[in-house]
Amino acid sequence: MARYNFRETERKWQEIWAARRTFAVTEDAARPKYYVLEMFPYPSGRLHIGHMRNYTIGDVVARFKRAQGFNVLHPMGWDAFGLPAENAAIANRVHPRSWTFENIRVMGEQLRLMGLAYDWEREIATCTPEYYKHEQKMFLDFLKAGLAYRKESWVNWDPVENTVLANEQVIDGRGWRSGAPVEKRRLAQWFLRITAFADELLDAIDGLERWPDKVRLMQENWIGKSTGVRLTFDITTADGEPGPAVEVYTTRPDTLFGASFLALSPNHPVAGTLAETRPELGAFIAECNRIGTSEEAIETAEKRGVDTGLRAVHPFIDGHSLPVYVANFVLMEYGTGAIFGCPGHDQRDLDFARKYDLPVIPVVLPPDADPDGFAIGIEAYTGPGRMINSGFLDGMTVDEAKAEAGRRIEAMGRGTRTTQYRLRDWGVSRQRYWGCPIPVMYRPDGTVVPVPEDQLPVTLPDDIDLETPGNPLANHPTWKYVTCPETGGQLIRETDTFDTFFESSWYFLRFTSPDSTDTGFDRSAAEYWMPVDQYIGGIEHAVLHLLYARFFTRALKGCGYLDVSEPFAGLMTQGMVTHPTYRDADGQWMYPEEVEERDGVLVGRSDGRPVALGRLEKMSKSKKNVVGLEEIVGSHGADTARFLLLSDSPPERDLEWSSAGIDGAWRFLNRVWRLVEEPAVPLAASGTPVPADLAGPALETRRLVHKTIAAVTDDLTRFHFNKAVARIRELATGLGELEAAAEAPGAPVVLREGVEALVQLLAPMTPHLAEEAWQALGHDTVIADQPWPVADASLVADDTVTVAVQVNGKLRATLAIARDAPQATVEAAALADPAIVRTLDGKPVKKVIVVPNRIVNIVA
RNA sequence: GCGGGCGUGGCGGAAUUGGCAGACGCACCAGACUUAAAAUCUGGCUUCCAUCGGAAGUACGGGUUCGAGUCCCGUCGCCCGCACCA
């Protein structure tokens, strides 16, 4: 019995595709374009099954669209800057560049083993000066356009990575990669003005119809738009002297009559000034800064404050003033860093008021509440209602009162209605070596001098000391000293490098013209290929990379680079590949292959010591729960692995990796191979016409062939790969049955048609096998160049349909009946069915519902 | 706390979006072929009663409907995102 030889076959076709440049593309205005892109990997060392799933999904889409006649761009490259290279450099005493390029070499070989339809001529690595010089130019353009600026501010400091992190890179108060609790530091940093696009980024989400709702919602929440009022309170000191006015931001100006205090952030300038003469206030502020903003800290920290002695003059109530506190729960980074507290209708304000015994005045009466007996207990009321205790607002709804209060404040000249965002500018400075140098210099007085464009790129020095703590570029003895091109005086280079999300914010543009030397990308090429039609990657980038790239593309548009706003028209977030984790007796992570089961107990393969089974986690190098590519590709071949990864779970769902399914996938591919290579019935010659009078099993099978073509086409269009696999399996079974009925008239012709269709439908998923089978079927073409099969509509719809017959909603019989038969005929046939007659048992029929070609329900 | 999602056999999952629940596969069981094993093929596989055949069943409780896995209300459980955002 013929066994499919995957080793020879896979190598053979990979060589043929490469030699024929099958997947190399150029712009072609005559054909519709389709840009498929998988999020490019960080070259961490080796590829695992999780990567493989991502690339297999993209490859099926690319090959499918290509067969459908699209001019398909499907490139691959390396997100090659990043801290792990520095850590590896220290651990292994190799240069980060050598480590990175060695990983790229190894992982590139792994990728090639998978038979992916990439245009390898477009491969890029972001750590090369040929790549990063262009982003230095982009940065200088952003600087000119006011989209990049430097400012001193409180930043997130990762004490393990020894660098600053952007807000998006802090997850639950911890560094997104190190997991270390983030500290607050005050540093001068470069920022990109993403907030200038807040509204546009938010509004355009509506147009991202082929993005998952979940990701759209996450971006919406991250941008966090709210509308409210900025309002200035006059302040008097304890002695009755005028003090520094305080501006607050509120979304609830309607509740002003219920205000009972003002609260300032500990980092508010007024608080700072007061602290100079008030030691106990200074101590309180210091304490607030010491406690982090981690989840735990917020959960446990109670609302506390210190009365400043200042009084805030109420804008609406003559002669009324409110105490001013410095409070630990007010953020300097949001709004104005100061709030007014209305305890009746905000839970935090209520907690604070109860602690410091401040008045609680209800100003919104819930719809069904008794006006006389309504009071606030321990829970603030935040719902709708009508205003009470509120002077000129009394009787209005909350919405009416918001509008009226806003108007009054503006009329009084005390403030303006504004829009506020949660989104903050993107801090891009990193105090690391292995990144793109920020192309600016400083005069001794701190003035910024952009590096002249003709001096780009600013490249990294090779001789670097990574072991000394601190910023490696700043520690370098000479690199940062340069002579001013204008004055001849000495300048100091910026020693920070860009956040590595900078590189991934435009790599998809670079892929459109990777050889462009003067500019990062060729404008006409970019405008031909962009936007990416289908982008595929992990959900973990829902706000990070995907938001940065959306911003970056707009910023480039603003600087005249191209006329595209949204980089990714379609997005699919594929689920993680998970695997159990293992730890040895000392708590160290173990690789799955180091563990085995003996007498129902997990033990170490080498030492027999007990192993603790951990929870399912995303495959990652750090937890060692990875299954390498070679293990599976080496034992069963790339096609088997690809087929298995597409088989059971829908792509957006997590997939627990187990080796159990591999045999099933391998069995199926061999079954297909036997249908091609040693059919029980010799296939008719290719192109033999199908007899017009085809009937019986051959006709039935032929219908199945065309139904399958239609269904698989639909499934692949919707990325329902698991369903497509099920359909293809059914087709193979059907063809096997026709082989068994060899004497059926027309069988050789239908088998020829069916086997060819089967192979073509499989081609995007198992391309090597499909090519080999195509050749074995006598073709001298490459299947990758074959057009996608088209179903004959007349064969897709059956002449006879099976209609279910229910009595009172319960299934009692099925009826084979001509398709689109008149309702009366269907009804009569249903009522005449013996099983129905028996069930009805003479009971009168009240009503009959007929759903054409589906179901009949008899109500008795 | 706020926002979102999910709950279907032993397991992964399917159900044309309100119309035959469990497609397809994994695992398992039985049989055929074989000296034997592997490979391959055939059949079985939600539960309960049973001979044909019936009854129940999509986390749980209710509702709408001729008809509900699908829609509505409530409960329980799990997962994800944000989080002192004024």
Side-chain angles (χ1 to χ4, degrees), chain A residues 1 3 171-173 212-222 224-226 228-229 248-253 255 263 265 293-295 297-299 301-303 327-331 333-342 345-349 351-352 382 420-424 539-540 542-543 644 647-650 653-656 658-665 667-668 670-671 674 711 714 720 722-730 732-733 736 740 802-815 835 838 846-860:
Chain A
M1 178 160 304
R3 281 277 209 112
I171 313 290
D172 293 342
D213 290 343
K214 182 187 167 90
V215 175
R216 302 206 294 180
L217 192 66
M218 279 166 71
Q219 291 214 350
E220 248 172 69
N221 292 340
W222 189 264
K225 182 176 183 169
S226 73
V229 173
V248 302
Y249 172 73
T250 181
T251 55
R252 295 295 304 271
T255 63
S265 163
T293 49
S294 70
E295 185 178 4
I298 290 161
E299 288 277 306
E302 68 177 315
K303 312 273 174 279
N328 63 349
F329 64 91
V330 183
L331 300 173
E333 303 89 69
Y334 186 78
T336 60
I339 61 161
F340 79 79
C342 175
H345 306 284
D346 181 285
Q347 192 58 44
R348 275 170 327 210
D349 296 349
D351 295 345
F352 191 81
T382 54
Q420 184 70 39
Y421 297 94
R422 211 190 73 110
L423 181 70
R424 303 206 201 122
I539 186 80
E540 65 272 20
V543 277
L644 178 59
S647 284
D648 288 342
S649 283
R653 217 173 291 188
D654 285 356
L655 172 82
E656 185 188 351
S658 87
S659 50
I662 194 79
D663 292 330
R667 263 202 300 271
F668 178 71
N670 275 289
R671 205 163 137 210
R674 283 195 306 276
D714 188 54
H720 293 173
N722 55 326
K723 287 155 71 178
V725 165
R727 294 296 204 152
I728 290 172
R729 283 178 178 275
E730 283 175 304
T733 304
T802 308
V803 171
V805 185
Q806 299 181 333
V807 175
N808 294 332
K810 281 188 196 302
L811 180 72
R812 295 296 172 192
T814 57
L815 221 55
R838 183 160 16 100
K846 290 186 196 140
K847 193 172 167 189
V848 179
I849 288 122
V850 179
V851 181
N853 303 326
R854 283 269 165 79
I855 205 163
V856 178
N857 192 11
I858 298 162
V859 187

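In the text below, chain A, chain B and the rest are named by the order of the sequence lines, each starting its count at 1. What you see below is based on every heavy atom in this structure, not just the backbone, and it leaves out hydrogens, waters and symmetry mates.
- One C1' atom belongs to B:A56, the other to B:A21, and the distance between them is 13 Å to the nearest Å.
- Taking each heavy atom of A:N857 and A:G809 in turn, the nearest pair found is OD1-N, 3.0 Å.
- Of the inter-residue distances, the one linking A:F340 atom CZ with A:R252 atom CZ reads 8.5 Å to the nearest 0.5 angstrom.
- The distance between atom CZ of A:F668 and atom P of B:U40, rounded to the nearest whole Å, is 13 Å.
- The side chain of A:Y334 places an N or O atom within less than 4.0 Å of a non-bridging phosphate oxygen (OP1 or OP2) of B:A86.
- The heavy-atom pair separating A:L815 from A:V805 by the smallest distance is CD2-CG2, 4.1 Å.
- Residues A:V856 and A:V803 are in side-chain contact: their nearest non-hydrogen atoms beyond the backbone lie under 4.5 Å apart.
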What string of B, S and - do you get for nucleotides 20-30 of chain B, 5' to 3', if B is base contact, S is sugar-phosphate-only contact and - is no contact with any protein heavy atom under 4.0 Å? B--BSSSS---
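- Nucleotide B:A68 is matched to nothing when pairs are restricted to Watson-Crick or G-U wobble geometry with both distances under 3.5 angstrom.
- With a cut-off of 3.5 Å on both Watson-Crick or G-U wobble distances, the partner of B:G12 is given as B:C24.
- For the P atoms, the distance linking B:A15 with B:G62 amounts to 29 Å, nearest Å.
- A distance of about 29 Å separates the P atoms of B:A50 and B:A32, rounded to the whole Å.
- Residue contacts shown for A:L217 are limited to sugar-phosphate atoms, with no base heavy atom under 4.0 Å away.
- In this entry B:A50 has no Watson-Crick or G-U wobble partner, no candidate having both defining distances under 3.5 Å.
- Atom CG of A:D346 is separated from atom C1' of B:C2 by 13 Å (rounded to the nearest Å).
- As rounded to whole Å, 12 Å separates atom P of B:A86 from atom CZ of A:F340.
- Nucleotide B:C79 holds its P atom 16 Å from the CZ atom of A:R653, rounded to whole Å.
- Not counting sequence neighbours, the partners of A:D346 by the salt bridge (charged side-chain N to carboxylate O under 4.0 Å, His left out) test are A:R348.
- A syn orientation is assigned to B:U17, its glycosidic angle lying within 90° of 0.
- Here the separation of B:C11 from B:C45, taken at their C1' atoms, is 13 Å to the nearest Å.
- A:Q420 CD to A:T251 OG1: the interatomic distance, rounded to the nearest 0.5 Å, is 10.5 Å.
- In this entry the base of B:G62 is anti relative to its sugar, with a glycosidic angle more than 90° from 0.
- The partner of B:G1 is B:C82, judged by Watson-Crick or G-U wobble contacts that both fall below 3.5 Å.
- Distance check on atom P: B:C60 versus B:G10 gives 13 Å, rounded to whole Å.
- Of the candidate nucleotides B:G67, B:A86, B:G54, B:G54 has the atom lying nearest to any side-chain atom of A:R838.
- Comparing the P positions of B:C6 and B:C71 gives a spacing of 9 Å, expressed to the nearest Å.
- Looking only at atom types and distance, the side chain of A:S226 has no donor-acceptor partner in the side chain of A:R422 under 3.5 Å away.
- Of the candidate nucleotides B:G13, B:C66, B:G3, B:C66 has the atom lying nearest to any side-chain atom of A:K847.
- Across the strands present, B:C41 finds its partner in B:G31; the criterion is a Watson-Crick or G-U wobble pair with both atom distances under 3.5 angstrom.
- Under the Watson-Crick and G-U wobble criteria, each requiring two contacts below 3.5 Å, nucleotide B:A59 is paired to B:U75.
- Dashed line: the shortest gap from a side-chain N or O of A:R812 to OP1 or OP2 of B:A55 is under 4.0 Å.
- Put simply, CG on A:D654 is 12 Å from C1' on B:C6, counting in whole angstrom units.
- Atom C1' of nucleotide B:C80 and atom CH2 of A:W222 are separated by 15 Å, given to the nearest angstrom.
- With sequence neighbours excluded, no residue forms a salt bridge (charged side-chain N to carboxylate O under 4.0 Å, His left out) with A:E730.
- Annotation: B:C48 and B:U42 have their C1' atoms spaced 28 Å apart (nearest Å).
- When side chains are defined from C-beta on, A:F329 counts as touching A:I339, because their heavy atoms get closer than 4.5 Å.
- A gap of 16 Å separates the P atoms of B:U8 and B:G61, to the nearest Å.
- When each of A:P650 and A:I858 is assigned the nucleotide of RNA chain B bearing its nearest heavy atom, the one mapping closer to the 5' terminus is A:P650.
- If you take CD of A:E220 and C1' of B:G3, they are 11 Å apart, rounded to a whole angstrom.
- When heavy atoms are screened at a 4.0 angstrom cut-off, A:K846 is found touching no nucleic acid atom at all.
- Residues A:Y249 and A:G228 share a closest heavy-atom pair of OH-N, 3.4 Å.
- Positionally, the nearest nucleotide of RNA chain B for A:V851 lies more toward the 5' end than for the other of A:V859 and A:V851.
- Taking atom CD on A:E656 and atom P on B:G12, their separation rounds to 9 Å, with Å as the unit.
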